[in-house]
**Q** 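This structure is in structure tokens; I'll ask about it shortly.
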Amino acid sequence: MRRVYLDNNATTPVLPEILDAMRPYFLEHFGNASSIHHHGQETRAAVERACESVAQLVGCRGSEIVFTSGGTEGDNLAISGLARPGDHIITSTIEHHAVLNTCKHLESTGIEVTYVPVDGRGLVDPDDVRRALRPTTRLITIMMANNETGVIQPVEEIGRISAEADVYFHTDAVQAAGKVELDVNRIGCDLLSISGHKMHAPQGVGALYVRKGTLLQPMFHGGRHERSRRAGTENVPGIVALGKAAELAKQGLENGEVTRLAALRDQIEQTVLQQVETIGINGAGAPRVPNTTNIHFDHIEGEALVIALDLKGLAVSTGAACSSGALEPSHVLIAMGLRPDQARASLRFSLGKQNKNDDVEFALGLIPSTVARLRELSPVYQKA
Ligand SMILES: Cc1ncc(COP(=O)(O)O)c(C=O)c1O
């Protein structure tokens, strides 16, 4: 059976060039990057090259990159590494749980958190961020691109607000890396997290940009790896893969690859809008990353649609989370003002570099008929 994968915001396949780049670091160049002999020097040099590639992707110096195990660790290190009891943090209601639950945890330790809302397009209003500032505010953490809708936040304006107020600014750029230009100086952030597996490197590796002079309390205690900011023997193959992924991401932004994905995404939206009634694009009207669309198919259970499409070979996802056996509608879509039934009826389609025109045609051959069939079975739809 043919299978098409349009769930690249969940994870991406490792690209062959990236696998080729990392392979020697399992077999031939296996040294510990902290060892002083030949084997260690070889892997140390590879880590440093990868560091430069990641630094070039985000526009910083190599010494400002800390390799992590992924986006979750980067977000935790940025936020927990800065906040102290008595501090105040500003974040938004649509952050990934890596940020939201870190903030929730910190609230239990005497740190205060303001969660700024978003409008119907999924956008934070920078004025809300400004109004939330307090004398005790230590950090603003607002994501660059939302994982469910792809909506891009006004991070440059938020960066200016943080600079004027002299508070730290962290942005979770996990879903932005490789999809839009990243430049930490233009954004004006002090910390920025990325994750390898969202950009065709393997799962379990990521990086945190830490502006020079930003003193982070490390989360792991151990050796003096990563300039004492993250103890633990480096994941050299993963780091090499992330370096290669950063190079390819930069090239993709320059050589039209990203524009190609935007055209495919637009094709999905236009065709579905033409062929399926009572639907809407979540986040339409806001700037969005080119690979993501999130569509609400009213009168349908999104989960049922995901399963029906999966049975026909198409992998997509809902933003719903399963908590205590019940499907909770996506906190992001609810924050944007969708009704719970609309949020539950929403699906995310996210493209990756491996997707071609015929993948989109395959998807478009399935979506309208599958929605129609599920709606036929829905008593709610018949009454509508
Ligand atoms: C916006 C965002 N932040 C953080 C993460 C967590 O990244 P990781 O899976 O590398 O821990 C994800 C993963 O889905 C994400 O989409």
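All ligand and atom numbering here is 1-based and tracks the order in the structure. From a predicted model like this one, the values you see are computed outputs, not experimental measurements. Side-chain atoms are counted along with the backbone in the values below, which use heavy atoms only and exclude waters and symmetry mates.
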**Q** Any Lys/Arg nitrogen of Asp359 or Arg3 sitting under 4.0 Å from an Asp/Glu carboxylate oxygen of the other?
**A**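 Not counted as a salt bridge, because no side-chain N and carboxylate O are separated by less than 4.0 Å.
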**Q** Which heavy atom of the protein is the closest neighbour of atom 11 (O) of ligand 1, given with residue, atom name and distance?
**A**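 The answer is Thr72 OG1, 2.6 Å.
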**Q** I'd like to know if Lys353 pairs up with Glu257 as an ion pair, taking the criterion as any Lys NZ or Arg NE/NH1/NH2 lying under 4.0 Å from an Asp or Glu carboxylate oxygen.
**A**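 Judged by the 4.0 Å cut-off on N to carboxylate O distance, Lys353 and Glu257 do not form a salt bridge.
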**Q** Tell me which part of Met143 gets within contact of ligand 1: side chain, backbone, both or neither, using heavy atoms under 4.0 Å.
**A**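 Side chain only; the backbone of Met143 stays clear of ligand 1.
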**Q** State the CZ-CD distance between Arg375 and Glu277, to the nearest 0.5 angstrom.
**A**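 Reported value, rounded in 0.5 Å steps: 6.5 Å.
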**Q** Have Gln354 and Asn8 got a donor and an acceptor in their side chains that come within less than 3.5 Å?
**A**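 There is such a pair (donor and acceptor under 3.5 Å, judged by atom type) between the side chains of Gln354 and Asn8.
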**Q** In the protein, which heavy atom is nearest to atom 9 (O) of ligand 1, and how far is it?
**A**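 Its nearest protein heavy-atom neighbour is His197 NE2, 2.8 Å.
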**Q** Regarding Lys356 and Asp358, does a basic nitrogen lie under 4.0 Å from an acidic carboxylate oxygen?
**A**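 Between Asp358 and Lys356 there is no salt bridge, as every charged N stays at least 4.0 Å from the carboxylate O atoms.
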**Q** Is there a donor-acceptor contact under 3.5 Å linking the side chains of Ser53 and Gln56?
**A**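 No, because no side-chain N or O of Ser53 sits under 3.5 Å from a partner of the opposite role on Gln56.
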**Q** Regarding Arg227 and Glu64, does a basic nitrogen lie under 4.0 Å from an acidic carboxylate oxygen?
**A**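 No, no charged N to carboxylate O under 4.0 Å.
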**Q** Any nitrogen or oxygen of Ser195, main chain or side chain, under 3.5 Å from a nitrogen or oxygen of ligand 1?
**A**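 Between Ser195 and ligand 1, an N or O pair is found under 3.5 Å apart.
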**Q** Pull out every atom of ligand 1 sitting under 4.0 Å from any heavy atom of Asn147, numbered as shown with elements.
**A**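 Those atoms are 1 (C), 16 (O).
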**Q** Considering both backbone and side-chain atoms of Lys198, is one of its nitrogen or oxygen atoms within less than 3.5 Å of a nitrogen or oxygen in ligand 1?
**A**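 Min N/O separation from ligand 1 is below 3.5 Å for Lys198.
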**Q** Applying a 4.0 Å heavy-atom criterion (strictly less than), which segment of Gln203 is in contact with ligand 1: side chain, backbone, both, or neither?
**A**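 Neither; nothing of Gln203 gets under 4.0 Å from ligand 1.
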**Q** What are the atoms of ligand 1, with element, lying closer than 4.0 Å to any heavy atom of Gly70?
**A**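 So the answer, numbered in order with elements, is 10 (O).
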**Q** Could you verify whether a donor N or O on one side chain and an acceptor N or O on the other, from Asn294 and Asn146, lie under 3.5 Å apart?
**A**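 Judged by distance alone, the side chains do not pair up.
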**Q** Could you tell me the residue and atom name of the protein heavy atom closest to atom 15 (C) of ligand 1, and the distance to it rounded to 0.1 Å?
**A**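 Looking at atom 15 (C) of ligand 1, the protein heavy atom closest to it is His96 CD2, 3.2 Å.
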**Q** So, is Gly71 polar-close to ligand 1, with some N/O to N/O distance under 3.5 Å?
**A**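 There is such a contact, yes.
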**Q** Identify, for atom 16 (O) of ligand 1, the protein heavy atom at the shortest distance, and state residue, atom and that distance.
**A**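 The closest heavy atom on the protein side is Gln175 NE2, 2.8 Å.
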**Q** Looking only at distances, please establish whether an N/O atom of ligand 1 is found under 3.5 Å from an N/O atom of Ser69.
**A**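 No, no N or O pair falls under 3.5 Å.
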**Q** Side chain, backbone, both or neither: which part of Asp172 has a heavy atom under 4.0 Å from ligand 1?
**A**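 The answer is the side chain.
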**Q** Checking contacts here: is it the side chain or the backbone of Asp75 that comes within 4.0 Å of ligand 1, counting heavy atoms only? Could be both or neither.
**A**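 Within the 4.0 Å criterion, Asp75 contacts ligand 1 through side-chain atoms alone.
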**Q** Could Arg84 and Asp87 be called an ion pair, given the rule that one side-chain N must be under 4.0 Å from one carboxylate O?
**A**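 Salt bridge between Arg84 and Asp87, a charged N being under 4.0 Å from a carboxylate O: no.
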